Structure formats: C-alpha cells, structure tokens
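Below is one structure, written out as structure tokens; comments come after it.
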Amino acid sequence: MKNIVILISGGGSNMAAIVKTAKNQNWATTLNARVAAVISNRADAAGLQWAKAQSISTASLDHKAFDSREAFDQALVQQIDAHKPSLVVLAGFMRILTPAFVAHYSGRLINIHPSLLPAFTGLHTHQRAIDAGCKFAGATVHQVTAELDVGPILAQAVVPILDTDTAATLAQRVVSQEHLIYAQAVASLIKYGL
Ligand code: GAR
C-alpha cells in the first residue's frame, strides 16, 4: 500500500478534497494507495479534527516549540517517516521548509500554490493579481524544490478575475478549482510516478 501523508496548517479543505476523492474513487483498490496521516504545525488546525473524524492518523508539531527551522523540520521528518510515505502533500502548509527537508523528500514532495506560477510566488497572491490588473488568476500544483514556489509545474487551473472581485471572492473561486486539480494530480502521481 502506498502511503500519502498530507501536511496542513489550517482549514484543510484541499486535504479533505483529496481524502474524499480517495474514498469516492476507491484509491485503496484502484491505486493501492491511501491517505495514511495528516500532520499540522498547529494543534488547532480545523482540518486535524476533520481528518481524525475520518479515522485518519493525525499529529501536530508546534514549530514555536523548536529553537530553529532545522530542528523543527528534523522532528517533522520523524513524524512523517513513521508512515513510510510514497508521497508527501503540502496542502496549505504555511511553513518555509529547509533545504534538508526538501532534499529528504526529493521527487515525492508536492505543493499547491494559489496563483498561476511563475507569477505571484509568496503570500497575498489574490490581492496582488487584482492590483496588477490581471484578468485571470488560478492555482498551481508543483513539485517542491529548494527555492520557494518554483519547482516543476504538474497542473494548473485558471479562473477569471471579475471587476467586482475582492481577494476573498477570488480566493473562493480559486480554491474550489484547487480541490479538483490537487486530488487529480495526486492520483496521477501515484499511478504514473513523479
Ligand atoms: C489554499 O488556497 C492553498 O493554495 C494555499 O493555502 C490555502 C489552504 O487552504 N497555500 C499557500 O498559500 C501555500 N503557499 P486549505 O487549508 O483550505 O486547503
């Protein structure tokens, strides 16, 4: 069985979309894969409770309890590796990862970013797209490499930016597309490899 470990920091709607798709498409049989664990850097992440209710193993590791980014990432690796993951999925995991962490999961670490990369790496992507006068926004699934939000692109979804959009309304439209492309990208990776 190929184990998928998902890292979250908040609501976890992308994580939930992947778990629901795995159930609906019966990944256990069709892909010999399952979401083995959901791990958060925040104990109060709403997505953790949801995952627990689905009988998925959950854990939290407070980054503030560590002296350095390196120490946190080392502890995180231990938590993740306990599940022997074939794929590690960042789903709204709002931590910058160390090069050692990224190297450890090289070729099996993916992220979703709420912009049409390579445009708008970093934070506040929707407001920046509106401010720049963009007519389209979107989301990108990509492999994680040492440089933030720059790894090879695996999938993208495009949505129009409306004249009436705020960052919040645009984010809503984008995230509903994220749920579709992220679950699809995970399934493809499990099936065909990175
Ligand atoms: C998503 O929009 C995701 O693209 C973004 O955080 C949100 C998490 O939502 N990720 C990043 O900004 C990463 N830099 P969710 O917790 O409901 O899945």
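Since we're looking at a predicted model, the values are computed, not measured. Nothing fancy with the numbering, it's 1 onward along the sequence. Counting starts at 1 for both ligands and their atoms, following the listed order.
Scanning all protein heavy atoms for the shortest distance to atom 4 (O) of ligand 1 gives E178 OE1, 2.9 Å. The nearest heavy-atom contact from the protein to atom 17 (O) of ligand 1 is S13 OG, 2.6 Å. The shortest contact between atom 14 (N) of ligand 1 and any protein heavy atom is with H113 ND1, 3.8 Å. In terms of protein heavy-atom proximity, atom 6 (O) of ligand 1 is closest to G92 CA, 3.8 Å. Among protein heavy atoms, the minimum distance from atom 9 (O) of ligand 1 is reached at N14 ND2, 4.0 Å. Nearest protein heavy-atom neighbour of atom 10 (N) of ligand 1: I112 O, 3.6 Å. Considering only non-hydrogen protein atoms, atom 16 (O) of ligand 1 sits nearest to G12 N, 2.8 Å. Remark: minimum distance from atom 12 (O) of ligand 1 to any protein heavy atom is reached at P114 CD, 3.4 Å.
Taking the six-membered ring where tryptophan is involved, the planes of F72 and F93 are essentially parallel, since the angle between them stays under 30° and well short of 60°.
An N or O contact shorter than 3.5 Å is missing between F93 and ligand 1 by distance. Geometrically, ligand 1 and D149 share no nitrogen or oxygen pair separated by less than 3.5 Å.
Of all the heavy atoms in A155 and A185, the pair that sits closest is CB-CB, 4.5 Å.
Side-chain contact between I110 and H142 is absent, with no heavy-atom pair separated by less than 4.5 Å. Taking 4.5 Å as the limit, some side-chain heavy atom of H179 sits within range of a side-chain heavy atom of N14.
Close approach of ligand 1 to G11 (heavy-atom distance below 4.0 Å) involves ligand atoms 16 (O).
N26 and T30 form no side-chain donor-acceptor contact under 3.5 Å, judged by distance and modelled atom types alone.
Judged as a side-chain contact (heavy atoms from CB on, under 4.5 Å), and not counting sequence neighbours, the contacts of D81 are V77, P85, H104, Y105.
Residues I190 and L154 share a hydrophobic cluster, clusters being chains of Ile/Leu/Val/Met/Phe/Trp/Tyr side chains in contact below 4.5 Å. Hydrophobic clustering (ILVMFWY, side-chain heavy atoms < 4.5 Å, transitive): L31 and V19 are in one cluster.
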